[in-house]
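Heads up, the thing below is written out as C-alpha cells.
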Amino acid sequence: MVERNAYFEKVLPFIDTDLIKIFTGIRRCGKSVMLDLIKNELLKKGREKEQFVSINFEDIETEKYRDYKELHEHISDKIKKIGKKAYLFLDEIQEVAAWEKCVNSLRVKFDCDIYITGSNAKLLSGEFATYLGGRYVEIIIYPFSFAEFIRLNRSENIDISVEKLFKEYLLVGGMPYLKNVGFRYDASIMYLQDLYNSVVLKDIIQRNKIRSIDLFQRVVKYVIANVANTFSARSISNYFKNEKREIAVETILNYLQYCENAHLLSRVYRKDMIGKKVMSVNEKYYIADHGLREAVVGKNQPDISIILENIVFMEIKRRDYKINVGKINDLEIDFVAEKNNFCIYVQVCYLLASDETIEREFSVLQKIKDNFPKFVVSLDEFDMSRNGIKHFNIREFLLSGDW
C-alpha cells in the first residue's frame with residue numbers, strides 16, 4: 001500500500017472531528033486506499049477494529065443498503081452494538097440515493113467519525129452541499145503523480161533511473177492498479193481499457209441515462225484524442241456533421257459535463273490577460289490520466305507534445321492551483337495557475353529545437369509584466385533559461401518541491 005502523503009496530510013487535521021471527510025476522484029484512482037491509510041492511523045492512535053463500520057457499495061452484498069433509510073437503520077444498529085465512538089467508512093457512496101440524508105442524520109444522532117468516497121463530482125453539488133452545508137471537507141484524489149510513480153517503482157529497484165521511469169510513465173500513466181501488473185504495456189492497456197469502459201458505462205452512461213450510446217462514445221473519444229487543443233462544442237458538432245452524424249451543441253455540452261462529473265475530463269477556460277476576463281468559448285480539455293488516452297486512442301508517442309502538456313496540467317492541478325489558458329491578443333499561454341494570491345505562468349512544448357520555437361515559447365511570457373514566476377517546460381536536457389524566465393526539463397519540473 002503506497003502512502004500518499006500529500007493527501008494524507010490534508011485529511012490528518014480532520015481525523016476524529018465531526019466534519020464529514022469526503023474523497024472524490026475518478027474510479028480506481030486510490031480513494032479506497034485512503035480509507036485504509038486512515039484506519040491504520042486510527043489503530044496507531046489506540047482505536048479498535050471493532051469501532052470501524054465499513055461498507056463498499058460496489059459489493060453486490062450491500063445492494064440492500066442502497067436505500068438511504070435501510071442504510072441508516074443498518075448503520076445505527078451497528079453503532080449501538082459498538083457502544084462507543086464509531087468510525088464509518090462508506091466507499092462509493094454515490095450508489096446510494098439521497099445518501100446525504102442518512103449521513104447527516106448519523107452525524108447528528110451518534111458520536112461518530114465519518115469518511116466517504118465517491119466517483120462523481122456532483123456528489124457535493126446543489127442540494128447535497130446545501131444539506132451538508134459547512135459540515136464536510138472534500139479532498140480530490142488523482143492518479144499517481146510522477147513523484148509517486150518513482151517512489152512506487154524504486155521501492156523494489158532503487159537503481160532504476162528517473163529517465164527510464166519517465167518513459168514508462170509517459171506511456172501507461174499512473175493509475176495505481178498498474179503496479180500489480182508491473183506496468184507491463186499489454187497488461188496495462190487491457191486494464192486501462194476495462195477501466196475506461198467501466199467509467200463510461202457505470203459513471204456516465206447509466207447514471208445520466210444516455211440513449212445515443214454510440215454517438216456519446218464517439219464524442220468522448222474525439223475529445224480525448226484532442227486533449228490540450230482549443231475547440232468549442234460548435235466545432236465538434238460541425239465535425240460530426242461532416243461525418244454525416246447530426247448532434248446538437250447542447251447535447252455535446254451535456255456529454256462533456258457528464259465526463260467532468262465522472263472526473264474523466266477537466267475543462268479549462270481561456271482568460272484574457274489584458275481585459276482580465278474569463279471566456280466561456282473555445283475551452284481546452286485534459287484527461288485525468290494520460291494512460292487512459294493511450295488505451296482509448298493509442299497515440300501517446302506520436303502526440304507527445306499534448307501528452308506532456310496533459311501531464312503538466314495534472315501536476316499543477318494536484319497542487320491545488322486554479323488553472324486557466326492565458327490569451328494575449330492572438331498569442332496563448334498554456335497555463336495561468338493561481339493559488340492564494342500567487343500565480344505561475346507555464347508554457348509546455350516537446351523540444352526547443354529551433355530559434356523559432358524558442359521565440360514562440362519565451363516571447364509570450366515576456367509580454368506579462370508582473371513579477372510572478374514564468375516557466376517553459378520541455379524535454380530538453382540543457383537549461384535554456386533567459387530574461388528571467390526559468391526553463392525546466394519536464395522531469396525536473398514534475399519533481400520540484402516548489403516552483
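Just so you know, these numbers come straight off a predicted model, no measurement behind them.
- Glu92 places no side-chain N or O within 3.5 Å of a backbone atom of Asn56 that could act as its donor or acceptor partner.
- There is no side-chain donor-acceptor pair under 3.5 Å between Gln193 and Asn197.
- Val103 approaches Leu90 most closely through the heavy-atom pair CG2-CD1, 4.1 Å.
- Side-chain atoms of Asn282 do not come within 3.5 Å of backbone N or O of Arg270 as any donor-acceptor pair.
- Of the residues Asp194, Val199, Val200, the one that meets the side chain to side chain contact (heavy atoms under 4.5 Å, CB included) test with Tyr196 is Val200.
- Using a 4.0 Å cut-off between charged side-chain N and carboxylate O, Arg395 and Glu381 make a salt bridge.
- In this structure a side-chain-to-backbone donor-acceptor pair under 3.5 Å is missing from Lys327 to Val325.
- Between Lys271 and Glu338 there is a salt bridge, since a side-chain N of the basic residue sits under 4.0 Å from a carboxylate O of the acidic one.
- A donor-acceptor contact shorter than 3.5 Å is absent between the side chain of Asn104 and the backbone of Leu132.
- The aromatic rings of Phe342 and Tyr321 sit tilted, their planes meeting at an angle between 30° and 60°.
- Using a 4.5 Å cut-off on side-chain heavy atoms (C-beta onward), Val181 and Met190 make no contact.
- Although no hydrogens or angles enter the test, the distance criterion places no donor-acceptor pair under 3.5 Å between the side chain of Thr62 and the main chain of Tyr65.
- At a cut-off of 3.5 Å, with distance as the only test, no side-chain donor of Tyr258 or Asp203 sits close to an acceptor on the other residue.
- How far CD of Glu250 is from OG of Ser237: 12.0 Å, rounded to the nearest 0.5 Å.
- Contact check on Asp383 versus Lys390 returns a salt bridge, with a Lys/Arg side-chain nitrogen under 4.0 Å from an Asp/Glu carboxylate oxygen.
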* Asked: Is there a salt bridge (charged side-chain N to carboxylate O under 4.0 Å, His left out) between Arg319 and Glu315 once you walk through the steps?
  -> CA-CA 7 Å; Arg319 302 192 190 193; Glu315 183 62 31; 3.0 Å; yes

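- For Ile252 against Ala233, the heavy-atom pair with the smallest separation is CD1-O, 3.5 Å.
- Put simply, CZ on Arg267 and SG on Cys259 are 11.0 Å apart, with the number rounded to the nearest 0.5 Å.
- The two residues Gly173 and Leu178 come nearest to each other via the heavy atoms O-CD1, 4.4 Å.
- Under a 3.5 Å cut-off, the side chain of Glu294 and the backbone N or O of Leu171 do not form any donor-acceptor pair.
- To the nearest 0.5 Å, the span separating NZ on Lys31 from OG1 on Thr24 amounts to 8.0 Å.
- Using a 4.0 Å cut-off between charged side-chain N and carboxylate O, Arg135 and Asp18 make no salt bridge.
- Taking the six-membered ring where tryptophan is involved, the planes of Phe335 and Tyr286 are tilted, since the angle between them lies from 30° to 60°.
- Phe89 carries Lys39 over the face of its six-membered ring, with the cationic atom under 6.0 Å from the centre and within 45° of the normal.
- Considering OH of Tyr115 and OG of Ser54, their distance stands at 12.0 Å, rounded to 0.5 Å.
- The NE2 atom of His290 sits 4.0 Å away from the CD1 atom of Ile311 when rounded to the nearest 0.5 Å.
- Among all heavy-atom pairs drawn from Glu361 and Cys349, the shortest one is OE2-CB, 3.7 Å.
- Atom CG in Asp91 sits 10.5 Å away from atom CZ in Phe23 (nearest 0.5 Å).
- You'll find the ring centres of His263 and Tyr142 outside the 6.0 Å limit.
- For Lys64 and Glu70, the salt-bridge test fails: no basic side-chain N is under 4.0 Å from an acidic carboxylate O.
- Counting non-hydrogen atoms of other residues, nucleotides and ligands closer than 6.0 Å to CG of Asp370 gives a total above 12.
- Other residues, nucleotides and ligands contribute more than 12 heavy atoms inside 6.0 Å of the NZ atom of Lys339.
- More than 12 heavy atoms of other residues, nucleotides or ligands shown are found within 6.0 angstrom of CG on Asp77.
- Glu163 CD: more than 12 foreign heavy atoms inside a 6.0 Å radius.
- Between the side chain of Asn324 and the backbone N or O of Tyr269 there is at least one donor-acceptor pair closer than 3.5 Å.
- For the pair Asp272 (side chain) and Ile274 (backbone), a donor-acceptor distance under 3.5 Å is present.
- Between Asp214 and Arg218, at least one side-chain N (NZ, or NE/NH1/NH2) sits under 4.0 Å from a carboxylate O, which counts as a salt bridge.
- Annotation for Ile60: atom CD1 does not count as buried by contact number, only 12 or fewer foreign heavy atoms lying within 6.0 Å.
- In Lys78, the NZ atom is not crowded: 12 or fewer heavy atoms of neighbouring residues, nucleotides or ligands sit closer than 6.0 Å.
- The pair Arg293-Asp303 meets the salt-bridge criterion, since a charged nitrogen lies less than 4.0 angstrom from a carboxylate oxygen.
- Between Tyr169 and Phe166, the angle of the ring planes lies from 30° to 60°, which puts this pair in the tilted group.
- Closest heavy-atom contact between Ile307 and Asn300: CD1-OD1, 3.1 Å.
- Ion pairing of Arg28 with Asp289 is absent here, as no side-chain N (NZ or NE/NH1/NH2) approaches a carboxylate O to less than 4.0 Å.
- Heavy atoms from other residues, nucleotides or ligands lying under 6.0 Å from NZ of Lys81 number 12 at most.
- Applying the 6.0 Å contact sphere to OH of Tyr350 captures no more than 12 heavy atoms from other residues, nucleotides or ligands.
- Taking 4.0 Å as the cut-off between side-chain N and carboxylate O, Glu168 and Lys164 count as a salt-bridged pair.
- By the 30° and 60° cut-offs, the orientation of the rings of Tyr345 relative to Phe372 is tilted.
- Using a distance-only test at 3.5 Å, with no hydrogens or angles considered, a donor-acceptor pair links the side chain of Ser385 to the main chain of His391.
- Salt bridge status for Glu332 with Lys284: present, with a side-chain N to carboxylate O gap under 4.0 Å.
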